[in-house]
**Q** 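My questions will all concern the structure given below.
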Amino acid sequence: MADTSASQSAQDFWEAFYQERDQIWTGNPNPLLVREAIDLTPGTALDLGSGEGGDAIWLAQRGWTVTAADISATALGRAAGHAEAAGVGDRITWVKHDLAQSFPEGTFDLVSAQFLHSPVEVEGERNQILRRAAAAVAPGGALLIGSHAGWASNQHEHHHDVHFPTLEEMLDAIAGVPGEWQVQTKDEVEREWTAPDGTTGVRTDSVLRVHRSK
């Protein structure tokens with residue numbers, strides 16, 4: 001678990017990240033979430049690292065009741081405004097959490113963790129969060145994890161302390177959580193990616209969807 005100073009550093013990092021521009025993300029839902037959740041029966045959902053709310057809003061528009069968690073108050077405030085504008089503000093509860101320190105209470109029919117990467121992550125922190133995410137899945141529910149599997153072909157500056165988890169590592173992270181798990185999707189997907197400088201390249205993402213027995 002991260003200590004208080006590490007937690008504050010993460011909060012400062014992500015606040016600065018979102019305050020740098022009025023809008024960081026496109027507002028569209030993550031394609032892997034759409035691909036994997038579009039046929040699921042709506043219920044309760046937990047969106048981890050919700051950012052500016054694209055995923056949570058898409059889920060709410062499809063009938064889900066969503067709890068959306070992020071470390072950045074700026075991102076949460078921006079996301080709440082987008083949700084109101086989209087007419088689904090009453091279907092989403094926005095909660096501020098440093099997921100390494102605290103976690104939303106309750107269980108959910110869908111727990112989604114899309115691209116939960118951080119350059120200020122403490123070693124072992126992500127696996128701890130994924131175990132908590134798995135524990136928050138209700139019987140019969142699903143855990144959906146989308147991750148980058150490596151650097152994009154047009155990324156020239158590599159931060160060597162960033163670790164891209166493999167699908168097996170993610171499965172190992174949740175293996176100790178009680179409950180019978182069935183793997184529905186375990187896949188790598190190549191997609192075009194546009195860098196901040198406008199150049200395009202290809203990057204590989206991984207997607208893992210597991211369901212908990214009823």
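Only this structure's heavy atoms are used, side chains among them; waters, hydrogens and symmetry mates stay out.
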**Q** Is there a continuous path of hydrophobic side-chain contacts, each under 4.5 Å between heavy atoms, that joins Val183 to Leu167?
**A**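 Hydrophobic grouping puts Val183 with Leu167.
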**Q** When you compare the side chain of Val111 with that of Leu48, does any pair of heavy atoms fall below 4.5 Å?
**A**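 Counting from C-beta outward, Leu48 and Val111 do come under 4.5 Å.
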**Q** Report the C-alpha distance between Ser147 and Arg126 in whole Å, list the side-chain angles of each, state the deciding distance to 0.1 Å, and finish with yes or no for side chain to side chain contact (heavy atoms under 4.5 Å, CB included).
**A** CA-CA 11 Å; Ser147 302; Arg126 189 174 188 271; 2.6 Å; yes
**Q** Please report the interatomic distance OG1(Thr65) to CG(Asp90), rounded to the nearest 0.5 Å.
**A**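 So the gap between those two atoms works out to 9.0 Å.
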**Q** Going hydrophobic residue to hydrophobic residue with side-chain gaps under 4.5 angstrom, can you get from Leu40 over to Leu32?
**A**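 Linked, Leu40 and Leu32 end up in one cluster.
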**Q** Within the side chain of Gln182, is there an N or O that forms a donor-acceptor pair under 3.5 Å with the backbone of Arg212?
**A**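 Looks like no, no N/O pair under 3.5 Å.
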**Q** Under a 4.5 Å cut-off applied to non-hydrogen side-chain atoms, are Arg91 and Trp64 in contact?
**A**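 A side-chain contact under 4.5 Å is absent here.
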**Q** In sequence, state the C-alpha distance, the side-chain angles, and the governing distance for Glu188 and Ser206, and then conclude on side chain to side chain donor-acceptor pair (under 3.5 Å).
**A** CA-CA 4 Å; Glu188 288 193 345; Ser206 64; 5.8 Å; no
**Q** Yes or no on side chain to side chain contact (heavy atoms under 4.5 Å, CB included) for Ile92 and Asp47, after CA distance, side-chain angles and deciding distance?
**A** CA-CA 10 Å; Ile92 307 173; Asp47 181 19; over 6 Å; no
**Q** Give the minimum heavy-atom separation between Trp58 and Leu33, together with the two atoms involved.
**A**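 Closest approach of Trp58 to Leu33, heavy atoms only: CE3-CD2, 4.0 Å.
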**Q** As a quick check of understanding, evaluate side chain to side chain contact (heavy atoms under 4.5 Å, CB included) for Trp181 and His211, giving each step before the final call.
**A** CA-CA 6 Å; Trp181 297 94; His211 284 240; over 6 Å; no
**Q** Whether the side chain of Glu169 engages the backbone of Thr166 through a donor-acceptor N/O pair (distance < 3.5 Å, no angle test) should be reported.
**A**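 Checking the backbone N and O of Thr166 against the side chain of Glu169, a donor-acceptor pair under 3.5 Å is found.
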**Q** Is it the case that one hydrophobic cluster holds both Leu144 and Ile129, taking links as side-chain heavy atoms less than 4.5 Å apart, direct or via other members?
**A**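 No, because Leu144 and Ile129 fall into different hydrophobic clusters, even though each may have its own neighbours under 4.5 Å.
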**Q** Between Val66 and Ala60, which heavy-atom pair has the shortest distance, and what is it?
**A**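 In this case the closest contact between Val66 and Ala60 is CG2-N, 4.0 Å.
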**Q** What's the spacing between Leu130 CG and Glu125 CD if we round to 0.5 Å?
**A**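 If I round to the nearest 0.5 Å, the distance is 11.0 Å.
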**Q** Identify the heavy atoms of Glu190 and Thr204 that sit nearest to each other, and give their distance.
**A**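 The answer is CG-OG1, 3.6 Å.
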**Q** Can you sort out the partners of His97 under ring pair (Phe, Tyr, Trp, His ring centres under 6.0 Å), two or more places apart, ordered by chain and number?
**A**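 For His97 there are no ring pair (Phe, Tyr, Trp, His ring centres under 6.0 Å) partners, ignoring immediate neighbours.
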**Q** Looking only at non-hydrogen atoms, find the nearest pair between Pro104 and Leu99 and report the distance.
**A**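 Taking Pro104 first and Leu99 second, the nearest heavy atoms are CD-CD2, 4.0 Å.
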**Q** Using 0.5 Å steps for rounding, measure from the CD atom of Gln128 to the CZ atom of Phe103.
**A**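 Going from CD on Gln128 over to CZ on Phe103, the span is 10.0 Å.
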**Q** Could you tell me the separation between the CZ atom of Phe115 and the CD1 atom of Ile145, rounded to the nearest 0.5 Å?
**A**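 The CD1 atom of Ile145 is 12.0 Å from CZ of Phe115, to the nearest 0.5 Å.
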**Q** Can you get from Ile174 to Met170 by hopping between Ile, Leu, Val, Met, Phe, Trp and Tyr side chains that sit under 4.5 Å apart?
**A**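 Yes, one cluster joins them.
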**Q** Considering non-hydrogen atoms only, spot the tightest contact between Ala86 and Gln61 and give its length.
**A**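 Taking every non-hydrogen atom into account, CB-NE2, 3.9 Å.
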**Q** What residues form a salt bridge (Lys or Arg N to Asp or Glu O under 4.0 Å) with Arg191, not counting sequence neighbours?
**A**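 If we apply the salt bridge (Lys or Arg N to Asp or Glu O under 4.0 Å) test to Arg191, skipping adjacent residues, the hits are Asp205.
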**Q** Could you tell me which residues satisfy salt bridge (Lys or Arg N to Asp or Glu O under 4.0 Å) with Arg209, sequence neighbours excluded, listed by chain and number?
**A**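 Only Glu36 meet the salt bridge (Lys or Arg N to Asp or Glu O under 4.0 Å) criterion with Arg209.
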**Q** With sequence neighbours excluded, tell me which residues meet salt bridge (Lys or Arg N to Asp or Glu O under 4.0 Å) with Glu168.
**A**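 Expected list: Lys186.
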**Q** Enter the distance from Leu59:CG to Ile38:CD1 here, rounded to the nearest 0.5 Å.
**A**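 So the CG of Leu59 and the CD1 of Ile38 are separated by 11.0 Å.
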**Q** Quick one: does Pro29's side chain get under 4.5 Å of Arg62's, heavy atoms only?
**A**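 Answer no - side chains too far apart.
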**Q** Write down the atom of Ala134, the atom of Val177, and the distance for their closest heavy-atom approach.
**A**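 Where Ala134 meets Val177 most closely, the heavy atoms are CB-CG2, 3.9 Å.
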**Q** Is any side-chain heavy atom of Val95 closer than 4.5 Å to a side-chain heavy atom of Thr93?
**A**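 SC-SC contact between Val95 and Thr93 confirmed.
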**Q** In Å, rounded to the nearest 0.5 Å, how long is the span from CG of Leu46 to CZ of Arg132?
**A**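 Reported value, rounded in 0.5 Å steps: 12.5 Å.
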**Q** Could you see if Trp94 belongs to whatever hydrophobic cluster contains Ile71? Use Ile, Leu, Val, Met, Phe, Trp, Tyr and a side-chain cutoff under 4.5 Å.
**A**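 No, it is not one cluster - the side chains of Trp94 and Ile71 are not joined through contacts under 4.5 Å.
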**Q** By the side chain to side chain donor-acceptor pair (under 3.5 Å) test, which pairs, at least two apart or in different chains, include something from residues 103-115?
**A**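 Sorted result for residues 103-115: Thr44-Asp109, Ser112-Gln114.
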**Q** Residues in salt bridge (Lys or Arg N to Asp or Glu O under 4.0 Å) with Asp187, at least two apart?
**A**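 Result, salt bridge (Lys or Arg N to Asp or Glu O under 4.0 Å) vs Asp187: Arg35.
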**Q** List the steps, then state whether side chain to side chain contact (heavy atoms under 4.5 Å, CB included) holds for Leu76 with Ser50.
**A** CA-CA 8 Å; Leu76 288 167; Ser50 53; 4.0 Å; yes
**Q** Under 3.5 Å, side chain of Glu15 to main-chain N/O of Thr74, donor-acceptor pair present?
**A**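 Between the backbone of Thr74 and the side chain of Glu15 there is a qualifying donor-acceptor contact (under 3.5 Å).
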